[in-house]
Each structure stands twice: as structure tokens, then as C-alpha cells.
Number of protein chains: 2
Amino acid sequence: MDFFSRTGKMALGSRLRLLTARLTDDAATIYDVYEIGLKPKWFPVFFVLSEEGEKTITEIAGEIGHSQPSVSKIVREMTAAGLISENNDTEDKRRNVVALTPEGIEATARIKEQYSDVNAAVEDMIASSRHNLWEAIEEWEYLLDRKSLYQRVEEQRKIRESKKVRIVPYAEQYRATFKTLNEEWISTYFEMEEADYKALHDPEGYIIDKGGSIFVALYDNEPVGVCALIRMQDPAYDFEMAKMAVSPVARGKNIGFLLGQAVMRKAKELGGKQIYLESNTVLKPAIGLYRKLGFRKIAGHFTPYKRCNIQMAADLHTFAD
Amino acid sequence: MDFFSRTGKMALGSRLRLLTARLTDDAATIYDVYEIGLKPKWFPVFFVLSEEGEKTITEIAGEIGHSQPSVSKIVREMTAAGLISENNDTEDKRRNVVALTPEGIEATARIKEQYSDVNAAVEDMIASSRHNLWEAIEEWEYLLDRKSLYQRVEEQRKIRESKKVRIVPYAEQYRATFKTLNEEWISTYFEMEEADYKALHDPEGYIIDKGGSIFVALYDNEPVGVCALIRMQDPAYDFEMAKMAVSPVARGKNIGFLLGQAVMRKAKELGGKQIYLESNTVLKPAIGLYRKLGFRKIAGHFTPYKRCNIQMAADLHTFAD
DNA sequence: ACTAATTACATAACCAGTTATGCAAATATA
DNA sequence: TATATTTGCATAACTGGTTATGTAATTAGT
């Protein structure tokens, strides 16, 4: 199929569907030829029952990876075909315990030869290909269990978007941005406090002139995020990370992470050993970001901010870009 | 999925379907997130039109590997969404030439980022697996183009069945079988001739005592096929293969081939160089079998049988078991 | 002991594809 | 030039799955 070499991997779903349809069609013919009186789609249900005797609808569904209604339908069809008997045993009247009838059990014997022929044919195809389809599927199932394709695509999007982001040092032209971005989130979740007004009104005086720095994230050359590095007067912590703010329209581009990295890199450059921050646990994504940057919860440090209910610190020795 | 390690390769179709469904579900979410206003199932149609401009329904169907009605439906949906315009150009009023509208073309630009993110995510998954799913699918498409799964399973069935067949030398107890099996097919297609009556009535006298042999195929210890090796009085051909008959109930077990091999092996063993046979072209499967055994058409040899309209011979030097 | 929540399932409605079918337009053939 | 065949497509009906929903039976919570 030349088509898929042009589309690229984007069409993996389509390609898989086509291959599946092809095999399914052949499967129908094969089942016909062996005259066992089984429909291909019955196979998974048939198989678990032949191996494990009695089962409820939901148990079967879980085991074969189908939805419950799907198994419900298949069971009805197989009952009509005389292969399955329903409502066996069961004190619990909600449960529908199904099992193979004698005819069903008899079919298990007859299907063995078909089973071994199909198996041999597939093994043969696998043996004559360089890439093992069966194993590849298994690996994909495993990988998708750990992280869905959607999540993986999201990650790629972030990586791509973050390449468009530039982190630059503070300049006077960004004073307004520094103020408004911070006011925005603070007043959304909390209230502006005295210390906020001071720092946001005069960042040069309150942050930079005291040996700190501010970084600005540009997206398409527009400032969309800020973060400050503040020099502390504390024997344990040399620096504080503070006033991180990212415009809501620029979410999902990894900007917080890039700003945090810039701040920590600078702190390390200036000889810092520990970096400190304070925040509030209602800001879940922020806390997650801090953890990703290497911050861990600490306790008992003085803070002038009311809104602060969590304090964190990171070791700058172990911080690597 | 422990389930599939228990079923074995028989459930390849099921397993593929499950994986496909999983990816399809995620695809829907991904398309939503990128807000391009495209449904995943539109992608193949969208792609060909974006690459190649105008196309008819049937052309698209052929290219993307869908059925024509499928494309018909997709085109209707995309038209409703304003992405496609129908019935462009066309002197031939049967044809429905479709193309992207300006909005559709605009969407091609917007989808590029989604495209590259998905591509990167899939590449990443492929890179982190030992078995390349994409390549494996391609190989399967190739293999299935050459021979369907059904045909491959049939081959395996024959191999398995032919293992149950034993070829044994003639003994008196098989005289009746030798006669009836041959009478059966001869009188079905032709009429019994004088030479038939003689050989079938007294195989010992007419075949074995004259330096020939007869082989019998047993299936479950029942005789189901016979074939004779007759010594000839001819400078060109040492032996003739004749009176091959297989019971109709034992078809598809490769019995003819096994009998033919036994006869040719014996002929070679006896120092034969060329083996000859005569048949009739209405017996298509038989002629195919002879060709598979190495026989090729020759002309101009004398035959006492009216029903014979083709003569074939095989070189025994090149015959290998 | 009674009510609320949960569970097991069937049924209905939908989805993305398919095959079967019919019709109109175009082409081939006598 | 009239008729038969082929082509291109739409539509209908089916398939093997899904999600959504309703209901009866059971279990949990007060």
C-alpha cells in the first residue's frame, strides 16, 4: 500500500483497521471450511468457557477485553446455536452464569485441528517476516497500558511548543507584564498582600538591585510568563524562587518548567546551594511542577505571606539542565 | 493481556481489533484537542484530496483501500462540514469529482502540527519497542497480497492431513479397492474400456507380474487411494503411471501427490529414466497434480485408450523426494 | 430495618465500516 | 442506430463492536 508510505504514522489506526478487516474476512471463510458451526466473533467467549467452565457475562467480558453488552449479545447468539446454556447455578439472581452445553464441549474437540492449522499458518507468516507482528502488538499493549497514545501526543505537543518559547532576562519593557501576570493569578485564588504590591510595583528595587533576577518567557516574541529569583538572607537557603506567573492563554507549552529551569540555573551559577519557595496546596499543577523541578516539601520557615501553606526547597548541586 | 498468551495465534484477529479500537478511541480525543474540526475517519479522504486536488469517489476509495460506499458517506459528511465541494468539473455526469473547499485547504495548514506530534509519538513508541509494528504491518500486507491467510491455512491443513496418510505396497486385500476406486471415476467421466477391465480385474497378472507395482494410500488404515506403476516396452519411456484414483471423501489431503511421489520413487529405484502417463484435459485438478509432480506435455505416443487426449512425461533424474 | 448505593445485566441507539442493489449515464456491439 | 454491457455512485441493510440507560437484585450504611 503505497498510500501509507505517503501518510506516515498518522494513519496507523487506518492501516491497522484495514489489516484487521482483511484477516477477519479470511477468518470467516476459514470457519466455514472447517464446518464447526462457530462464528469467528464467538471465539474469545468460546475459548474462556472451554478452558474455565462456568463464568458470568461480566467475568468473560473482563477476561477477553470486550464490553459487557458485546458478551451479552454473543452469549445470546451462542445460546440460540445450542452451544451455551445460561443461568446455571446462581443464588445471586442478577448473575447470568453461562457454560458450554455438551454440544459446545463436543465442538472444542472439533476445533482443535482448525486451531492448530491457523496457528501454524500464522507462525509461518511470522517466521517469514523480519518484524514480528504478534510481539509488536504485545509491546504496544504494554506501552499503551503505561501511557496512552493521547498522553504521548500531548507530550510531543509540549516539546514542540516549548521550542517556540524563549526565556530572556528581565528588561524595563517587561515591567507591566511582570505586574499584571502576577496580579492576575494572585487575585484569582487569593488576595493581594502588602509584600506583593511592593515587589510588583518596583521589581528593580526589590528584586534585581538586591542581587536577584527575573526571567521572562517569550512566545512569538510576546511575553507570556515571568519568574523571579530572589536572594535570601538565610543560612540554610541562598535563593528563593517566587512570582512565577504564566498567562492562561499560553498553558500547555511547558513554560513554567522552562522558567523554573532558568531560575535554578541562574541560582546555581551564582553559587547557590539550596533554593526555596512557598506556595499553596490549592495550586495543584504548580506543586506538581515544583516537584518535577526537584523541590521537596520542608517545614517551619518564616514567611510574610498569608496565602502560603506549603514550603519547598531544592538542592542545587543535583540540579542539571 | 494474559488472555492472548493462552489463546495463541488463533486470536490474532481479535487482538488486532482490540488494539485498533484502543488507538481509534485515543485518536478521537487527539482530534478534539487540536480543534481542527476533522473526524479521525475523514483523515484518509482528507489526505488524498490535500495531496492530489480533485478526485472521484471511486478513485479515492481505491487509493485509501476503503469501499466506494464508505467514501461516499465520508464525502457527504465532509461536505456537510464545509470541507469538501462535490460535482466539480465533470462532463461525465456519473462521476462525482470532489475537492477541498478553501476552508478545507485552510485546515490542511492547521493539521500540520497535529500531524507532526502524532508522528513523533508513534515514532517514539516504535523506537522503544524491539519489534517494529509499522514495518510488521507492511510485511503482513505484502505477504497477504501474495497469498491470503485462508490459502495459508488450507496449506497447513493439507500438510497435517497428509501426515495421517500412509502409502503402502499392494496386497491382495486391496484388490477390490483398486477396482472400485478406478471404476468410480472412469465411469463418472468416461466409459470403461476393454483395457480397463483387464487391468482392474487382474492387477497381479497385468501389472505386478509384468514388473510393475501398485501403491495404496491408507487414511485411518482405510484404503482411500491407489496408483499403479507399469513397466513399458518403449525405448523412450521405461515406466507408465496409471490407474491413479482417490476416493472423493478423501480429497484435500494431498493423497494424489503422495501416491505420485511413491510411484516415481519406485520407478527411479528400478532404474527408470523417463516416466509416462496419459490423461484427459477435462480432468483439470489431475493435470495440475501431474505438473506439480514434474510431468510435462508430450505428443505422438500410441495409446489404446479412447479417453486419452493428453500425454505427459517426467524426467526421473531430476525427481527428488 | 429501612433506605441508599452498587452490581449485573439487557436493551437501545450509535459508529465505522462492509456487501447488495438499483439507477442513470456512458460505452461497446450488433 | 438501437440495444446490451459496463461504469460510477447512492442508498439500504447488515456486522461487530461501542456507549448510554434502565431495572432488578444485592450489599452497605445509618
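Proteins get letters first, then strands, A, B, ... in listed order; numbering begins at 1 in each.
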Counting just side-chain N and O atoms, does A:T58 come under 4.0 Å of either OP1 or OP2 of C:dC9? yes
To the nearest Å, give me how far apart [atom1] ([X]) and [atom2] ([N]) are.
X	N	atom1	atom2	result
A:F43	D:dG17	CZ	C1'	18 Å
B:R22	D:dT18	CZ	C1'	16 Å
B:R15	D:dG17	CZ	P	16 Å
B:L19	D:dG16	CG	P	20 Å
A:M78	D:dG16	CE	P	13 Å
A:I74	D:dG17	CD1	C1'	9 Å
B:H66	C:dT19	NE2	C1'	15 Å
B:I57	C:dT18	CD1	P	14 Å

With sugar-phosphate meaning primed atoms plus P, OP1 and OP2, does [X] contact a base, only sugar-phosphate, or nothing at under 4.0 Å between heavy atoms?
X	result
A:E91	sugar-phosphate
A:T24	nothing
B:S70	base
A:E59	nothing

Residue pair B:P40/B:P69 against DNA chain C: nearer the 5' end by closest nucleotide is B:P40
Along DNA chain C (nearest heavy atom to each residue), the more 5'-positioned of A:N96 and B:S67: A:N96
Just compare [options] and give me whichever is closest to any side-chain atom of [X].
X	options	result
A:K41	D:dG17, C:dT18, C:dA8	D:dG17
A:K39	D:dG16, C:dA25, C:dA8	D:dG16
B:R76	C:dA16, C:dA26, D:dT11	D:dT11
A:R17	C:dA16, C:dA8, D:dT11	C:dA16
B:E86	C:dA26, C:dG17, D:dA10	D:dA10
A:D92	D:dC9, D:dT26, D:dG8	D:dT26
B:K93	C:dT7, D:dA10, C:dA25	C:dA25

Nearest heavy-atom contact between A:S14 and B:P44 is OG-CG, 3.6 Å
So that I can tick it off, tell me whether [Y] and [X] are bridged by a salt bridge, with the cut-off set at under 4.0 angstrom between side-chain N and carboxylate O.
X	Y	value
A:R6	B:E63	yes
A:K9	B:E123	yes
B:R110	B:E113	no
B:R95	B:E54	no
A:D117	B:R160	yes

Closer to the 5' end of DNA chain D via nearest nucleotide, is it B:D25 or B:T56?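 It is B:T56 whose nearest nucleotide is closer to the 5' end.
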For DNA chain D, whose closest nucleotide is more 5', that of A:R94 or that of A:W42? A:W42
Is there a donor and acceptor pair, one atom on the side chain of B:Q68 and one on the base of D:dA10, closer than 3.5 Å?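 Donor-acceptor pair under 3.5 Å: yes.
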Do the side chain of B:K73 and the base of C:dT18 come within less than 3.5 angstrom through a donor-acceptor pair of N or O atoms?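 Indeed, a donor on one side and an acceptor on the other fall under 3.5 Å apart.
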